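Values reported hereafter were calculated over all heavy atoms of this structure, with side chains retained and with hydrogens, waters and symmetry mates removed. Quick note on labels: first sequence line is chain A, next is B, and so on, each numbered from 1. Bear in mind that the values here come from a model prediction, so they are computed numbers and not experimental data.
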Amino acid sequence: MEEIHQLIQQRREKLKKLIEMGVNPYPYKFDRTHTSRQVKEQFDELENQTVSVAGRIMSNRRMGKAAFFHIQDMDGRIQIYLKKDVVGDFAFEVYKLLDIGDIVGIVGQVFKTRTGEISILAEKLELLTKSLRPLPIVKEKIVDGKRIVYDPFKDKELRYRQRYVDLIVNPEVKEVFIKRSRIMTTMREFLNERGYLEVETPILQPIYGGASARPFVTHHNALDMKLYLRIANELYLKRLIVGGFEGVYEFAKDFRNEGMDRFHNPEFTQMELYVAYKDYHWMMELTEEMISTIAEKVLGTTKITYQGQEIDLTPPWRRLPLFESIREYAGVDISQADEEQLRKVAKDLGIEVEDSWGSGKIIDEIFGEFVEPRLIQPTFITDYPLEMSPLAKKHRENPRLVERFEPIIAGKEIGNAFSELNDPIDQRERFEAQMELRAKGDEEAQVLDEDFLRALEYGMPPTAGLGIGIDRLTMLLTDQPSIRDVIFFPHMRPEKS
RNA sequence: GGGCCCGUAGCUCAGCUGGUAGAGCAGCGGCCUUUUAAGCCGUUGGUCCCAGGUUCGAAUCCUGGCGGGCUCACCA
């Protein structure tokens, strides 16, 4: 057994004393009448009234036979004033055995202290949970309305590994995740209002598809077969369109077995939407309306700041075909270039081109290098080369292109969409081209899915599809620099035990 | 995977060119019935990430490893 730390030992001893005093350190319930925020917001009516509140002790100032401390609940903190002659001798003895981190229930009268802080004069104090581990102590002071924090708990490794502590101690972290939840709720409402159906599709898939990425592999014991964790749910949602649903969406956890950095986590969340009888032009309008609506409802404005950059999400967003964007930002016209010429152009631009790259990859590189980082204001990049998009429908005016767009904000794509390919013969050819790439060693090339082709052969109506990266959208709308700051439990290597 | 940086008390951090560790907060003991980074007095607490090496002597220098951050590459 590991040695028990002194601070934990001390708390265990207090726990023992409390039990000896007849206090249940882990009771079953507590009836609370108000949250901290309600007490503050309704102070005028509540002054001198009795309320009950509950929360975790976050500060403690004992002064002989009285004490001030703050408790923190779901939506904030409130100060408790404890006087021995009001709360009683026994409760005061209990109080003396409490620590920062303990969870208590308080019944008492609402009042304002001499310095004007809304507080509760405790008449009853009940221990609701004894905490055995010391919390990082973060002190703060409000000066001119600004919160000054002393010794903030900021070690990223500890914060990510022990997110519960991060959430207790850093209120702004909680805010980010509340916003994440509201972003998803608002998006769901937006889609439901339009009559689209929220559905669920398999996470364990015998054939993975819908994106170009490497999958996680797992094994089904009973069937003794390989299964993949989905990299996308696109092909399943389109099967549902075939089945007669005319608008379906899913908030999907996807899994990609690739590198991690501040924009990538091995598991991440995407919202994918498919709507029958629509094309990508229509989907652009829906996208800009949806994102700006979310910003408006969650943040109260469509003008946001991301990492110091001012961004205006108000529709309409700029539409810019891919080749035009490259002409504009890289100064070269490659709309008619073949692979040989592309190779030369890329080299002239200073890009190291690898022999295995096809023209799609080269174009993507030029775009990623010269264009994408400069697209700060929301922009739809449209009309991608055919070979980069095996599931998108050919462009109605140019068969070398597909009808696809990516919304780009703050230099980063936050989604992907197209007029969905519904010609089963064309789809088969595209899959076959992918298989050839795979044979050449491209591990991210897509896999041919016979059942999906069979579904298309029954006939899928013209359909527009959209995927939005929820994590990236949340980063944008909460001004967080890393995807780890918008995922509660980002992937980490195992802790040494 | 490459480069740079980091790992010292529960938390935040000092510890210069080597002499086996220190502060603030928290904790513990004492005083204090409107404090608020409460205050005053006293005080406990460390496998200096791990393993080797150099040295009379390593938190400090070297090598390797582990974990993390940033970044580049890869990657939607």
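Side chains of Tyr95(A) and Asn60(A): a donor on one and an acceptor on the other come within 3.5 Å. Tyr280(A) and Asp383(A) share a side-chain donor-acceptor pair at under 3.5 Å. Between the side chains of His34(A) and Gln49(A), not a single donor N or O lies within less than 3.5 Å of an accepting N or O.
Between rU44(B) and rA51(B), the distance separating the two C1' atoms is 31 Å to the nearest Å. The same atom, C1', is picked in rC28(B) and in rG10(B); the two are 14 Å apart, to the nearest Å. Between rG19(B) and rU60(B), the two C1' atoms lie 11 Å apart (nearest whole Å). rC4(B) and rA58(B): their P atoms are spaced 28 Å apart (whole Å). Annotation: rA21(B) and rU47(B) have their C1' atoms spaced 14 Å apart (nearest Å). Separating the P atom of rG52(B) from that of rC11(B) is a span of 26 Å, rounded to the nearest Å. Annotation: rU20(B) and rU8(B) have their C1' atoms spaced 14 Å apart (nearest Å). Rounded to the nearest Å, the gap between the C1' atom of rC32(B) and that of rC13(B) is 31 Å.
The ring pair (Phe, Tyr, Trp, His ring centres under 6.0 Å) contacts involving residues 470-493 of chain A comprise Phe177(A)-Phe488(A), where partners must be two or more places apart or lie in separate chains.
Closest contact between the side chain of Ala66(A) and the listed nucleotides rU33(B), rU35(B), rG67(B) involves rU33(B). In the set rC75(B), rU34(B), rC70(B), the nucleotide with an atom closest to the side chain of Lys156(A) is rC70(B). Taking every side-chain heavy atom of Lys154(A) into account, rC13(B) is the closest of rC13(B), rU35(B), rA26(B). Closest to the Met63(A) side chain, of the nucleotides rC74(B), rG68(B), rU35(B), is rU35(B). The side chain of Lys83(A) has rU33(B) as its nearest neighbour among rC75(B), rU33(B), rA38(B). Of the listed nucleotides (rC13(B), rA38(B), rC74(B)), rC74(B) has the atom at the smallest distance from the side chain of Arg214(A). In this structure, the nucleotide among rG27(B), rC75(B), rG67(B) sitting nearest to the side chain of Asp99(A) is rG27(B). For Arg262(A), the listed nucleotide lying nearest its side chain is rU71(B); candidates were rC32(B), rU71(B), rC70(B). Comparing rU35(B), rG68(B), rC75(B) against the side chain of Lys361(A) picks out rC75(B) as the nearest. Listed candidates were rC11(B), rU33(B), rC75(B). Nearest to the side chain of Leu158(A) is rC11(B).
Rounded to an integer number of Å, the gap from CE of Met260(A) to C1' of rG69(B) is 12 Å. As a whole-Å value, the separation of Leu97(A) CG from rC28(B) P is 9 Å. As a whole-Å value, the separation of Glu365(A) CD from rC75(B) P is 7 Å. To the nearest angstrom, P of rU33(B) lies 16 Å from CZ of Arg61(A). A straight line from NZ of Lys146(A) to P of rA37(B) spans 17 Å, rounded to a whole angstrom. What separates NE2 of His70(A) from C1' of rA26(B) is a distance of 17 Å, to the nearest Å. Taking atom CD on Gln307(A) and atom P on rU71(B), their separation rounds to 10 Å, with Å as the unit. Note: CZ (Arg56(A)) to C1' (rA26(B)) measures 16 Å, nearest angstrom.
If you check every strand for non-hydrogen atoms under 4.0 Å, Lys65(A) touches a base. Residue Asp155(A) is in sugar-phosphate contact alone, with no base atom involved, counting any heavy-atom pair closer than 4.0 Å across all strands shown. Note on Arg161(A): only backbone sugar-phosphate atoms sit closer than 4.0 angstrom, heavy atoms only; bases stay farther off. Among the protein residues, Arg484(A) comes within range of the sugar-phosphate backbone only, with heavy atoms under 4.0 Å from sugar or phosphate atoms but none that close to a base. Nucleic acid contact for Glu413(A): base, since at least one base atom lies under 4.0 Å from a heavy atom of the residue. Here Phe111(A) lies in heavy-atom contact (under 4.0 Å) with a base. Residue-level contact check: Ala211(A) touches neither bases nor backbone, having no heavy atom under 4.0 Å from any strand.
Contact of Arg114(A) with rU34(B) (side chain to base): no donor-acceptor pair of N or O atoms is detected under 3.5 Å. A donor N or O paired with an acceptor N or O is found under 3.5 Å between the base of rU35(B) and the side-chain atoms of Gln79(A). At a cut-off of 3.5 angstrom, counting only N and O atoms as typed in the model, there is no donor on one side facing an acceptor on the other between the side-chain of Asp151(A) and the base of rC13(B).
In this structure, rU35(B) forms no base pair with any nucleotide, since neither Watson-Crick nor G-U wobble geometry is met with both distances under 3.5 Å. Across all strands shown, rC6(B) is found opposite rG67(B) as a Watson-Crick or G-U wobble partner, with both distances under 3.5 Å. The base-pairing partner of rC28(B), taking Watson-Crick or G-U wobble contacts with both distances under 3.5 Å, is rG42(B). Searching all strands for a Watson-Crick or G-U wobble partner of rG18(B) with both distances below 3.5 Å returns nothing. Base pairing annotation: rC61(B) forms a Watson-Crick or G-U wobble pair with rG53(B), both donor-acceptor distances under 3.5 Å.
The shortest distance between side-chain heavy atoms of Phe405(A) and Thr379(A) does not fall below 4.5 Å. At least one side-chain heavy atom of Leu349(A) sits less than 4.5 Å from a side-chain heavy atom of Phe370(A). At least one side-chain heavy atom of Ile311(A) sits under 4.5 Å from a side-chain heavy atom of Ile376(A).
For RNA chain B, the neighbouring residues in residues 7-21 of chain A, judged by any heavy atom under 4.0 Å, are Leu7(A), Gln10(A), Lys14(A). In the region residues 122-143 of chain A, proximity to RNA chain B at under 4.0 angstrom, judged on heavy atoms, holds for Pro134(A), Pro136(A), Ile137(A), Lys139(A), Glu140(A), Lys141(A).
In this structure, CG in Asp89(A) is found 10.5 Å from NZ in Lys65(A), a value given to the nearest 0.5 Å.
A salt bridge is absent between Arg404(A) and Glu413(A); no separation between the charged side-chain nitrogens and carboxylate oxygens falls under 4.0 Å. For Glu288(A) and Arg319(A), the salt-bridge test passes: some basic side-chain N is under 4.0 Å from an acidic carboxylate O. In this structure, Lys96(A) pairs ionically with Glu93(A), as a charged nitrogen and a carboxylate oxygen lie closer than 4.0 Å.
Note that Arg374(A) lies outside the cation-pi zone of Tyr329(A), set by a 6.0 Å cut-off to the ring centre and a 45° limit from the axis.
Note on ring orientation: taking the six-membered ring where Trp is involved, the planes of Phe68(A) and Tyr81(A) are parallel (angle under 30°, cut-offs 30° and 60°). Aromatic ring orientation, Tyr249(A) versus Phe251(A): perpendicular (interplanar angle above 60°, classes split at 30° and 60°).
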